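This report refers to the structure that appears directly beneath it.
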Amino acid sequence: MRAGIGIDSHRLVAGRPLVIGGVEIPSELGLDGHSDADVLTHAIIDALLGAAAMGDIGQHFPDTDERWRGADSIELLQEVVAMVLDAGFGIVNVDCTVVMEAPKLSPHREQIRERLAGAMSIGTGRVNVKASTGERIGFVGRGEGVAAMAVASLSAPS
Ligand code: MG
């Protein structure tokens, strides 16, 4: 068994969609970034790459590369899953937490699980999505940004 961790954060700004785990959530503010800034999918990508000892998201999809401008992060996740599977690993489970003050994530949780599980070609029973807040302190609590953490476990190549 192999374990990997991923952490990401993005700034909340006006005029951008709020995409979390491949699901667009109705919100006045969205996440700023080179790609679609899907903070949760980025954390999961890093957790998978970490467990496989394959570096990090910035190495594979540099934000200096015009190819990834406005990129759909779910497509990046699918690419990373293909790399991990090609190397002989199997995805055992992914657990993650989104830390966001508003809007509430819980109404979208099942849709996010299904979207992520579909992108990774695993059952929803292997994907868990948790939501937390910043308790009104720090950049998350002040509503300036959103953070996400993920842990992935892989079965090692036999
Ligand atoms: Mg990111």
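Please read these numbers as outputs of a predicted model, since none were measured by experiment. We count ligands from 1, going down the list as the structure has it; atoms in each ligand are counted the same way.
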- Query: How far apart are the closest heavy atoms of Ser155 and Val92, and which atoms are they?
  - Reply: N-CG2, 3.5 Å
- Donor-acceptor contact present, side-chain Asp65 to main-chain Trp68, <3.5 Å: no
- Message: More than 12 heavy atoms of other residues, nucleotides or ligands under 6.0 Å from NZ of Lys104: yes or no?
- Response: no
- Query: Which residues and atoms, counting only protein N, O or S, are under 2.8 Å from the Mg ion (ligand 1)?
  - Reply: Asp8 OD2, His10 NE2, His42 ND1
- Message: For Glu24, is there any backbone N or O sitting under 3.5 Å from a side-chain donor or acceptor partner on His108?
- Response: no
- Message: Quick check against the 3.5 Å criterion: does Arg11 have a side-chain atom that pairs as donor or acceptor with the backbone of Glu144?
- Response: no
Run the side-chain donor-acceptor check on residues 70-87: report pairs under 3.5 Å with partners two or more places apart or on a different chain.
residue: Asp72; atom: OD1; partner: Ile74; partner atom: N; Å: 2.9
residue: Ser73; atom: OG; partner: Asp36; partner atom: OD1; Å: 2.4
residue: Ser73; atom: OG; partner: His42; partner atom: NE2; Å: 2.8

